[in-house]
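Structure record follows, encoded as structure tokens.
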Amino acid sequence: MTDKTKKLEDLRAQFAEADGGTIFTPKYQRIADQIFSEGGRRPAPYAGIPTLLDAPQKPVETIQDLQVALFGVPMDLGVTNRNGARFGPRALRAIERVGPYNDALETAPLHEMAVADIGDVPFRSRFDLAQSHEDIEAFARNIVTQHVLPMAVGGDHSITHPILRAVGAEGPVGMIHIDAHCDTGGSYEGEKFHHGGPFRNAVLDGVLDPERTIQIGIRGAAGYIWEFSTLSGMTVIEAKDITEERLPEIVALARDVVGDGPTYLSFDIDSLDPAFAPGTGTPEVGGLTPREAMKLIRGFKGVNFVGADVVEVAPAYDATSNTAQNGAQMLFEILSLMQFSPSLPKK
């Protein structure tokens, strides 16, 4: 018997009758034991009621048992360009296959943490921006006060300000902000709580520490309205300065900026180039690739995250659903980070 024949016989003996849930590498078998049931069975990704990342669906009244609460914020009253991000949560719920294992971070977050989709923020009005922000803050505050990490899916980027008001109520937090825009503009036509200014508002409210804030991926012909970022002490990394070779350097800088303190992660889907995410309100050419964005996010393992969001998915502008697919993938990457946050509740 030749060596190749012997190897083939050994492989047949080991694998011919093994089902899909039988894995011979210990670190992978640990994950398979959580995902597969007897006979290599696992839930069909296209069956059942859609939820964010296929997380269990639980009512908001049960969040005290969770470590991370996923929720939708279907509101886009703060947009300055194309609307439609109110359909973002529904679009991400319709993505049927993301995860369940994160190879880079070696975790299956939905199986290794207490995570659930607790539904959408219940808005009292579909027309009133100020009232909607009040509703978002109250919803997020309920999560935070029960010692659960909030993870939101927008909605336009104005939703982050009221969430930061809840997360930073006991003291300002730092932030890693991945976006095409700084979103530190002033009042436009009598309204300052639009999606172009949440982080100016959060700093002035005392819930966001600008010196512990880094903004990555910034571009577009609007630098003249973002002086607040640099004048307040934020670190701004422009998209033109991001290369594959520089990504480790940028990750290291971000980790240095936020330090060990409580940190929020906000991911705007328009940080990606429109080639990958056309379905958004304010697309900007020259953005990140999904691979670059994933490498950035994965580099933040161990940062002290206390909350996060993925915003600005407007599915009507993307017939391919690629924007929602990328949004769901980034949500999964960020959820995976939460397992390694020092602030993850012990429950």
Side-chain angles (χ1 to χ4, degrees), residues 68 98-99 101-109 113 149 151 157 160 164 167 172-184 199 208-220 226 229-230 232-273 276-277 284 286-312 326-344:
V68 181
V98 175
Y101 182 62
N102 189 314
D103 294 84
L105 298 176
E106 297 187 345
T107 178
M113 293 186 291
L149 302 185
M151 282 191 62
H157 220 155
T160 308
L164 285 171
V167 172
V173 299
M175 181 176 67
I176 296 175
H177 171 210
I178 303 174
D179 200 330
H181 313 100
C182 286
D183 292 348
T184 50
F199 304 122
L208 177 65
D209 183 349
E211 295 182 358
R212 291 188 55 241
T213 294
I214 184 167
Q215 303 183 299
I216 303 171
I218 308 305
R219 59 193 188 276
W226 296 331
S229 289
T230 52
S232 66
M234 295 181 183
T235 301
V236 179
I237 305 296
E238 295 186 46
K240 66 181 178 61
D241 297 321
I242 298 175
T243 63
E244 184 72 23
E245 293 74 21
R246 283 203 66 203
L247 285 175
E249 173 189 340
I250 294 168
V251 167
L253 175 61
R255 297 180 70 100
D256 183 61
V257 167
V258 301
D260 298 328
T263 301
Y264 191 86
L265 199 163
S266 187
F267 187 94
D268 190 323
I269 200 67
D270 70 26
S271 62
L272 302 183
D273 191 90
F276 306 101
E284 297 283 359
L288 300 172
T289 68
R291 183 184 299 174
E292 290 168 339
M294 290 166 67
K295 189 167 184 177
L296 278 171
I297 293 171
R298 290 168 173 178
F300 303 139
K301 180 180 179 179
V303 170
N304 189 12
F305 288 117
V306 294
D309 61 51
V310 173
V311 298
E312 297 283 355
N326 279 312
Q329 185 66 49
M330 300 309 159
L331 185 69
F332 177 74
E333 299 293 336
I334 297 168
L335 176 63
S336 299
L337 291 180
M338 294 300 175
Q339 185 172 342
F340 306 100
S341 171
S343 288
L344 183 72

Can a donor-acceptor pair be found, under 3.5 Å and without considering hydrogens, that links the side chain of [X] to the backbone of [Y]?
| X | Y | value |
| --- | --- | --- |
| R212 | P262 | yes |
| D273 | G287 | yes |
| N326 | F276 | yes |

Do [X] and [Y] make a side-chain contact, defined as non-hydrogen atoms from C-beta onward lying under 4.5 Å apart?
| X | Y | value |
| --- | --- | --- |
| P290 | M330 | yes |
| M151 | V310 | no |
| F267 | H177 | no |
| S271 | I178 | yes |

- Can you name the side-chain hydrogen bond (donor to acceptor under 3.5 Å, both in side chains) partners of T107, sequence neighbours left out? E112, Q339
- Taking only residues two or more places apart in sequence, or in another chain, which ones meet R298 in a side-chain hydrogen bond (donor to acceptor under 3.5 Å, both in side chains)?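 Partners of R298 by the side-chain hydrogen bond (donor to acceptor under 3.5 Å, both in side chains) criterion, ordered by chain and then number, come out as E333.
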Give, for atom [atom1] of [X] and atom [atom2] of [Y], the distance between the pair rounded to the nearest 0.5 Å.
| X | Y | atom1 | atom2 | answer |
| --- | --- | --- | --- | --- |
| K295 | L247 | NZ | CG | 5.5 Å |
| I214 | T235 | CD1 | OG1 | 5.5 Å |
| F300 | F305 | CZ | CZ | 6.5 Å |
| E106 | S336 | CD | OG | 11.5 Å |
| S341 | I334 | OG | CD1 | 13.0 Å |
| L288 | I242 | CG | CD1 | 5.0 Å |

- Query: Is it true that atom CZ of R246 has more than 12 heavy atoms of other residues, nucleotides or ligands lying nearer than 6.0 Å?
  - Reply: yes
- Task: Could you tell me which residues satisfy side-chain contact (heavy atoms from CB on, under 4.5 Å) with V236, sequence neighbours excluded, listed by chain and number?
- Result: C182, Q215, I218, S229, T230
- How far apart are the C-alpha atoms of D309 and T160, what are their side-chain angles, what is the distance that settles it, and do they pass the side-chain hydrogen bond (donor to acceptor under 3.5 Å, both in side chains) test? CA-CA 7 Å; D309 61 51; T160 308; 2.9 Å; yes
- Message: Could you go through V173 and T263, starting from their C-alpha distance and side-chain angles, then the distance that decides it, and tell me whether this counts as side-chain contact (heavy atoms from CB on, under 4.5 Å)?
- Response: CA-CA 5 Å; V173 299; T263 301; over 6 Å; no
- Task: Before giving the answer on side-chain hydrogen bond (donor to acceptor under 3.5 Å, both in side chains), spell out for N304 and S343 the whole-Å C-alpha distance, their side-chain angles and the decisive distance to 0.1 Å.
- Result: CA-CA 6 Å; N304 189 12; S343 288; 2.5 Å; yes
